[in-house]
There are 2 protein chains.
Amino acid sequence: MFSVSAKTQYAIRAMAHLARLEGRSATASEISSAEGIPLKFLEGILTQLKTVGLVGGERGKNGGYRITAAPESVTMLSIVEAMDGSVKPVQCVETAGACAQGGACLPRKFWIGLKDAIDAYLGSRTLKDIAEG
Amino acid sequence: MFSVSAKTQYAIRAMAHLARLEGRSATASEISSAEGIPLKFLEGILTQLKTVGLVGGERGKNGGYRITAAPESVTMLSIVEAMDGSVKPVQCVETAGACAQGGACLPRKFWIGLKDAIDAYLGSRTLKDIAEG
DNA sequence: CTTATTCCTATCGACTTGATAGGAATATAC
DNA sequence: GTATATTCCTATCAAGTCGATAGGAATAAG
Ligand code: FES
Ligand code: FES
């Protein structure tokens, strides 16, 4: 239950790898072999991380990826959301009054509470906590 | 991300229904039409809830399901676990030393922290909180 | 013996996920 | 300006999961 996708786990490993480089860049190939992540899969992940701004990418020869912010300012929540979207236990967390009970729906409040608990935890941990710098 | 299966949502609705009956029994058919849950799907859910002991079932004519404990003593965690198993963001939460870093694996500690946060929230809420009795 | 019900097993289509493949775009180096 | 290294884009695939359905066996009441 509540299992995390391989994609997100890979993303965290990749981000941790880049964090240890302290701003220097690495190619997808390097990260792939160092972290044991399938290259083509990793490429997609890095592109996704780039569109969110967590990493910067430079094309062409001598290109590669670099981290764009200090590891201690990158929350785990931002990585998870970049991969699999926002934490949303049930659909109706973002649309009030979806069911018959309207705005006073107890189940909905319960699930929102869960979302808040998860967001709070993921938002309180940063890349630095897991990068082992 | 972290979406909850329809099965679990159905299970909670079914349990809430039974909770409102305060120990009286209801058939799967009744719950099905009252809560809008596909009958055959619901049957499986109730059987599963029974094996865990959250509900009791009686076969044959005049049979049905009844709740076995007071709603305030049934945690949401117990329902969720009955449906989809224990909270386990990554496989290695239950097997230490799975990766190269051994017991000091920082990612693992991070995921275990998430599990604990989720378990704490789900364990702190009970059926009573959502049954609206 | 009929009827109502739980319970067991099998199956199905749709969707998701992890992974692969091929190649276009882009930048460097010589 | 050609070769090379790299990011980036799009398509595809096999395997698994999920929600749902179907048929019927076991059981109990009357
Ligand atoms: S709004 Fe989602 S269950 Fe009521
Ligand atoms: S034990 Fe799971 S990542 Fe180290």
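Note on naming: letters A, B, ... go to the chains in the order of the sequence lines (proteins, then strands), and numbering restarts at 1 for each one.
Counting any heavy atom pair closer than 4.0 Å across all strands shown, B:Gly44 reaches no nucleic acid atom. In this structure, B:Glu58 reaches the sugar-phosphate backbone alone: every heavy-atom distance under 4.0 Å involves primed, P, OP1 or OP2 atoms, never a base. Across all strands, A:Ser29 comes closer than 4.0 Å to no nucleic acid atom at all (heavy-atom distances).
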**OP:** Using the side chain to side chain contact (heavy atoms under 4.5 Å, CB included) rule, take B:Leu127 and B:Ile79 through it: C-alpha gap first, then chi angles, then the decisive distance, then the call.
**Re:** CA-CA 9 Å; B:Leu127 240 202; B:Ile79 301 177; 4.2 Å; yes
Original post:
Does the pair B:Arg24 and B:Glu30 meet the rule for a salt bridge (Lys or Arg N to Asp or Glu O under 4.0 Å), with working shown?
Top reply: CA-CA 13 Å; B:Arg24 275 167 286 140; B:Glu30 288 166 354; over 6 Å; no
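By the 30° and 60° cut-offs, the orientation of the rings of B:Phe41 relative to B:Tyr10 is perpendicular.
In this model, a side-chain donor or acceptor of B:Arg59 finds a partner on the base of C:dT6 within 3.5 Å. No hydrogens or angles were tested; on distance alone, nothing pairs the side chain of A:Lys40 with the base of C:dG18 as donor and acceptor under 3.5 Å.
Whole-Å rounding puts the B:Asn62 CG to C:dT2 C1' distance at 14 Å. As rounded to whole Å, 11 Å separates atom C1' of D:dT7 from atom CG of A:Leu39. Remark: P of D:dG23 and CD of B:Glu43 are 14 Å apart, rounded to the nearest angstrom. Between A:Met83 atom CE and C:dT17 atom C1' the separation is 14 Å, expressed in whole Å. If you take CD1 of B:Ile31 and P of C:dA4, they are 18 Å apart, rounded to a whole angstrom. A:Leu18 places its CG atom 11 Å from the P atom of D:dT7, with the value rounded to the nearest Å. Put simply, CZ on A:Arg66 is 12 Å from P on D:dT7, counting in whole angstrom units. In this structure, A:Leu46 places its CG atom 15 Å from P of C:dA19, rounding to the nearest Å.
Annotation: of the two residues near DNA chain D, B:Tyr10 and B:Lys61, the 5′-most nearest-nucleotide partner is B:Tyr10.
The side chain of B:Lys50 contributes no N or O atom lying less than 4.0 Å from OP1 or OP2 of C:dT6.
No more than 12 heavy atoms of other residues, nucleotides or ligands lie within 6.0 Å of CD in B:Gln91, so this atom counts as exposed by the packing criterion.
Closest to the A:Ser5 side chain, of the nucleotides C:dG18, D:dG19, D:dC8, is C:dG18. Listed nucleotides C:dG18, D:dT21, C:dC7 differ in distance to B:Pro38; the shortest reach to its side chain belongs to D:dT21. Residue A:Phe41 places its side chain closer to C:dT20 than to any other of C:dT20, C:dC7, D:dC8.
Rounded to the nearest 0.5 angstrom, B:Ile67 CD1 and B:Leu49 CG are separated by 9.5 Å.
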